[in-house]
Structures are given as C-alpha cells and as structure tokens.
2 protein chains.
Amino acid sequence: MRSQDLEEMRRIPFFRSVEPGQVEAMLRGAFLQRFPAHVELIHTGEPADFLHVVVEGTVEMFSVHRDRETTLGVSGPGDSFILAAVLFDRPYLQSARALLASRILMVPADAVRQAFAADAGFARAIAENLALAYRGVIKELKNQKLRSGLERLANWLLTHDAENGSTGHFDFPFDKKVLAARLGMAPEVLSRSFAALGAYHVVVHGPSVVIQDVAALRKLAHPCSTIDGTSL
Amino acid sequence: MRSQDLEEMRRIPFFRSVEPGQVEAMLRGAFLQRFPAHVELIHTGEPADFLHVVVEGTVEMFSVHRDRETTLGVSGPGDSFILAAVLFDRPYLQSARALLASRILMVPADAVRQAFAADAGFARAIAENLALAYRGVIKELKNQKLRSGLERLANWLLTHDAENGSTGHFDFPFDKKVLAARLGMAPEVLSRSFAALGAYHVVVHGPSVVIQDVAALRKLAHPCSTIDGTSL
DNA sequence: CGCGAAGTTGATTGCTTTCAAAGGGTGTGG
DNA sequence: CCACACCCTTTGAAAGCAATCAACTTCGCG
C-alpha cells in the first residue's frame with residue numbers, strides 16, 4: 001500500500017480511537033483493492049479471512065437460499081462489514097457485491113483479532129460498531145415485518161430526501177431494480193408502488209423523484225424513530 | 001440483594017470474564033426481580049436505564065407499530081437483552097414481556113457503562129455478546145425473508161428437537177399462539193401449517209409433537225447452517 | 001356445569017409474486 | 001449513422017401465500 005493511501009486509511013472513523021501502533025500493524029498486512037461494479041466480494045459460508053471497509057463506492061450485502069435472494073443492507077464509505085464474523089472467526093452469514101466500482105480496504109482477520117486483544121480502545125470501538133450494527137438490523141427487521149411494501153417505499157423516500165438536504169427532489173443512487181431488492185419486493189411491485197404514490201403527489205420520471213407534498217407522504221409512511229432514525 | 005443471590009449472579013456467563021471487583025460494583029446497585037407472566041418489562045422508545053439479564057424464565061422481545069405487533073426474539077436463562085441500547089444510552093428499540101414467571105437481574109446502565117470503560121475484559125465480553133446477537137438477528141432476517149411460513153415452522157421443529165436430544169418428540173415450551181408470533185405468522189396459519197405437516201409424518205396432539213420421519217421433514221425444511229445454526 | 005381462552009376450520013380478502021409481453025434507453029458493431 | 005441487441009422498466013393477467021373475519025370445537029378450571 002502506498003504511503004499516501006496509508007494516510008487516507010488512518011482517517012477512517014473506524015480507526016479513530018485506536019492506538020497508532022495498532023493501526024500500523026493492521027494496515028501493514030492490509031490491501032486496498034479496487035473492484036468493478038457487480039463483482040462479488042465475499043460469499044456466504046466462507047471463512048472470514050479479511051475485515052472489509054468501504055473506502056469509496058457502494059456495496060450490497062445479500063444472501064441466497066435455494067432459489068431465492070434477498071438484500072440485507074447497503075454499505076457506503078466508512079462502513080465496515082462482516083466485522084462480527086471476522087472477530088470470532090466464524091463463517092460469513094452474508095455475501096457482498098459491489099454496486100458501483102469501489103475501493104475496499106481489506107484487513108487480515110488475524111490482525112484485527114490481535115488488535116482487539118491488545119488494544120482496549122479498539123475493543124470498545126468495535127463494541128460500539130457492533131452495537132450500532134445490531135440496532136440497524138433490528139430496525140431493518142421491524143421495517144420488514146411491521147410495514148407493507150408501499151410503506152417501506154414511502155419511508156425510504158422520506159429518509160433519503162432528508163439525508164440529501166430535504167429538497168424534495170433527488171435522483172436514485174442506484175437502479176430501481178436494486179432499490180426493489182433493498183426494500184424487499186419484486187421490481188414489478190416497486191413499479192406499481194411508484195404508480196400508487198402518484199395519489200400522494202410523488203412524481204417519478206426515470207431516475208428522478210419529486211416529492212411535491214411531504215406532509216401527504218408522511219401521513220402514508222408514518223415514520224418512526226425506532227425504525228427509521230439513523231441517529232438513534 | 002441477598003448474598004446467596006450474589007453468588008448465583010456471579011456465575012452468569014455474562015460476567016465470567018469480568019474482574020471480580022467490577023462484578024461487585026455492578027451487582028451493588030442491581031436488583032433481582034421477579035415478574036409474573038405477561039408483564040411488560042421494558043417498552044419501546046424508553047430510555048435504557050437497566051441492563052436486563054434473564055436468570056430464570058422466558059422473555060419475549062417484540063415491537064408494535066401502528067396496529068401491528070411482531071415478535072423479534074425470545075430470551076432464556078443466561079441471555080441478556082437490550083445490551084446495545086444500554087451501552088450507548090439510546091432508547092430501546094424493542095419491548096419485552098415475560099412469557100413465564102421470570103427472575104430478571106437488572107443492572108443500572110451507569111454501572112454497565114462504567115465497567116465497560118474500566119475493564120477491558122468486560123468490554124471484550126460485551127463485544128462478543130454483541131457480535132453473537134448481531135449474527136442472530138441477521139439469521140432471523142434471512143429466515144424471515146428467504147423462507148415461507150411452512151419452511152420456518154419445519155426448521156423450528158427440527159432445531160427444537162435437536163436442542164432437546166433429537167428424540168423426535170417433545171412438548172411445546174410455550175403456547176402455539178406465541179410460537180405463531182415467533183415464526184411471524186397468524187395463529188390460524190400455524191394451525192393450518194401443522195395440518196399440512198401431516199403429509200410429512202409430523203403428528204401434533206395438543207402440546208405434544210412427534211416427528212415420525214426426520215428425513216422427510218428435513219427435505220421440506222432445507223436447514224442451513226447460515227440461518228439455523230445456533231453454534232455458528 | 002358453564003365460562004373463557006386457546007385452537008381449529010372455513011370463507012374471503014388483499015398483498016405480493018410470478019409469468020408474460022411490450023416499451024424505452026443505451027451501447028456496440030456493421 | 002443506423003440497426004440491432006440487451007437490459008431495465010413498465011403494464012397486464014394469473015396464481016399463491018398469508019391475514020382477516022367468523023363460527024365452531026376443545027380443554028382447563030372455577
């Protein structure tokens with residue numbers, strides 16, 4: 001890894017509360033790799049050899065069982081994934097693929113476990129990371145079990161708008177196909193759902209969305225801090 | 001708390017790798033409380049004042065949104081719950097109610113956070129706990145999204161049988177109503193599902209189940225270590 | 001014996017998936 | 001520069017799984 005890259009890696013939030021020496025040790029054996037879109041980075045069931053951290057790009061976590069596939073989450077810059085598997089040397093429960101061309105930092109599992117054992121600050125940072133990840137999955141489970149497809153879409157639109165300045169209009173960051181998978185529905189259903197949102201003054205033209213009446217959409221979505229909040 | 005109880009608490013797996021002094025400190029302000037069945041122990045959205053550990057009994061984690069309710073998990077003796085909320089002082093994402101009369105150890109959140117900051121061993125134990133909890137929820141999410149109700153039931157039967165010595169027959173540890181909620185289906189659907197399992201030589205009489213042909217049930221269930229395994 | 005909760009069974013509705021086909025945009029190769 | 005292929009997206013129609021409503025049975029318990 002180039003020293004310029006090393007500098008960049010040190011600034012990853014994940015390493016913030018780690019002793020510099022431990023960061024060095026972890027980065028020494030690490031790779032910073034580029035992956036083109038659609039490439040599978042890790043595969044369900046395989047042993048956890050590397051902790052992965054998204055430096056740039058977008059990664060979809062998914063899983064396949066029999067002839068079904070489902071998206072479990074999407075990771076962006078600064079997010080690590082499969083930390084739990086790496087820490088305790090268990091097989092991956094999820095697969096990951098790049099949605100966009102991405103740069104991924106790959107830290108050998110041994111080094112992570114060693115730093116976890118040696119550096120209490122790192123151990124606490126990992127605990128925090130895991131706690132937030134845990135709460136994220138609980139929210140996803142609630143979102144899935146307590147809401148209809150249309151409600152999930154409405155809330156996703158509100159959340160995404162809020163994350164982008166609440167302007168009421170934005171472009172999709174990925175294909176609608178991917179959004180459908182992320183929301184846990186077939187692409188056809190997403191299409192129909194968009195049509196249904198016309199009644200709530202949501203206008204979709206190709207990749208662009210305009211929310212003309214936030215209040216109306218809110219009323220349909222019933223956003224809730226214990227499901228949607230990114231902050232809690 | 002009585003000294004006899006203190007002895008019992010020290011043996012909780014959760015405290016195993018914690019310095020005795022820290023355990024003392026945590027237990028000093030803790031309560032050991034009995035709750036009758038059906039009582040709600042914690043409520044979604046409230047601030048996390050206590051870490052709860054099940055000493056005896058069974059607790060259901062659930063959540064309500066609008067007019068829908070769903071079960072998110074069931075905790076038994078030795079399990080802690082809402083650790084993530086307590087650690088970082090966030091509101092509970094789940095509610096909890098006792099399914100059976102239960103004894104619950106309630107440790108003040110402050111004491112937990114203090115021990116987390118002071119004792120690296122405890123911090124690591126918590127990280128491990130959170131990692132396993134995280135993996136558990138991921139499995140639950142996969143179970144929910146990748147399987148039909150009948151498949152979830154079939155797998156639950158196989159898992160529960162395996163946990164009880166693989167004798168091929170057992171009694172339900174809780175009402176079928178609760179099992180239905182746990183599997184994410186209406187009670188009526190569970191009833192029909194049991195009827196459907198007759199074709200696979202599963203016989204249900206009141207609270208008792210007999211699996212007469214494990215192979216047949218397995219073929220329907222397609223158990224999978226990255227969804228069902230309690231060990232992974 | 002009768003109340004009440006739990007469980008079963010039937011009928012109906014609704015959300016979602018699946019299959020099928022057509023429209024629309026993009027990129028490549030002729 | 002056009003033609004064609006390909007994929008995404010949309011729309012239509014049909015089928016399936018699960019929820020809901022309703023009625024009836026069963027069982028435990030006072």
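In what follows, chains are A, B, ... by sequence order, proteins preceding strands, each numbered from 1. Note that these values count all heavy atoms, side chains included, but never hydrogens, waters or copies made by symmetry.
- Applying the salt bridge (charged side-chain N to carboxylate O under 4.0 Å, His left out) criterion to Asp213(A), with sequence neighbours excluded, gives no partner residue.
- Using a 4.0 Å cut-off between charged nitrogen and carboxylate oxygen, Arg68(A) and Glu151(B) count as a salt-bridge pair.
- dC8(D) atom P lies 15 Å from atom CZ of Phe174(A), rounded to whole Å.
- Remark: the Ser63(B) side chain and the Gln94(B) side chain contain no N/O donor-acceptor pair separated by less than 3.5 Å.
- Side-chain N or O atoms of Ser102(A) include one that pairs as donor or acceptor with a backbone N or O of Thr58(A) at under 3.5 Å.
- Remark: nothing in residues 57-70 of chain A comes within less than 4.0 Å of DNA chain C through any heavy atom.
- The aromatic rings of Trp156(B) and Phe172(B) lie parallel to each other, with less than 30° between the two planes, well short of the 60° mark.
- Within residues 145-158 of chain A, the residues that have a heavy atom under 4.0 Å from DNA chain C are, in order of number, Ser148(A), Gly149(A).
- Both cation-pi conditions hold for Lys176(B) and Phe194(B): the charged atom is under 6.0 angstrom from the six-membered ring centre and inside a 45 degree cone around its axis.
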message = Could you go through Tyr92(B) and His43(B), starting from their C-alpha distance and side-chain angles, then the distance that decides it, and tell me whether this counts as ring-ring contact (aromatic ring centres under 6.0 Å, His included)?
response = CA-CA 7 Å; Tyr92(B) 298 136; His43(B) 191 80; 9.5 Å; no

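- In this structure, Asp175(B) atom CG and dT8(C) atom P are separated by 11 Å, rounded to whole Å.
- Within residues 176-185 of chain B, the residues that place at least one heavy atom under 4.0 Å from DNA chain D are, in residue-number order, Gly184(B), Met185(B).
- There is no side-chain donor-acceptor pair under 3.5 Å between Thr44(B) and Thr226(A).
- A salt bridge between Glu140(B) and Arg147(B) is absent, with no side-chain N of the basic residue lying under 4.0 Å from a carboxylate O of the acidic one.
- In this view, His201(A) satisfies the side chain to side chain donor-acceptor pair (under 3.5 Å) rule with no residue, not counting sequence neighbours.
- The interatomic distance linking Leu190(A) (CG) with dT17(C) (P) rounds to 11 Å, in whole Å.
- The NE2 atom of His205(B) sits 22 Å away from the P atom of dA6(C) (whole-angstrom rounding).
- The existence of a salt bridge linking Arg103(B) and Glu8(B) is confirmed by a sub-4.0 Å separation between a basic side-chain nitrogen and an acidic carboxylate oxygen.
- Few gaps surround CD on Glu7(A); more than 12 heavy atoms of other groups in view lie less than 6.0 Å from it.
- Between Arg97(A) and Glu40(A) there is no salt bridge, since no side-chain N of the basic residue sits under 4.0 Å from a carboxylate O of the acidic one.
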note = Contact string for nucleotides 21-30 of chain D, one letter per nucleotide 5' to 3', B = base within protein heavy-atom range under 4.0 Å, S = sugar-phosphate only, - = neither, reads B---------

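- Considering only the side chain of Val189(B), dA18(D) comes nearest among dC8(D), dT17(C), dA18(D).
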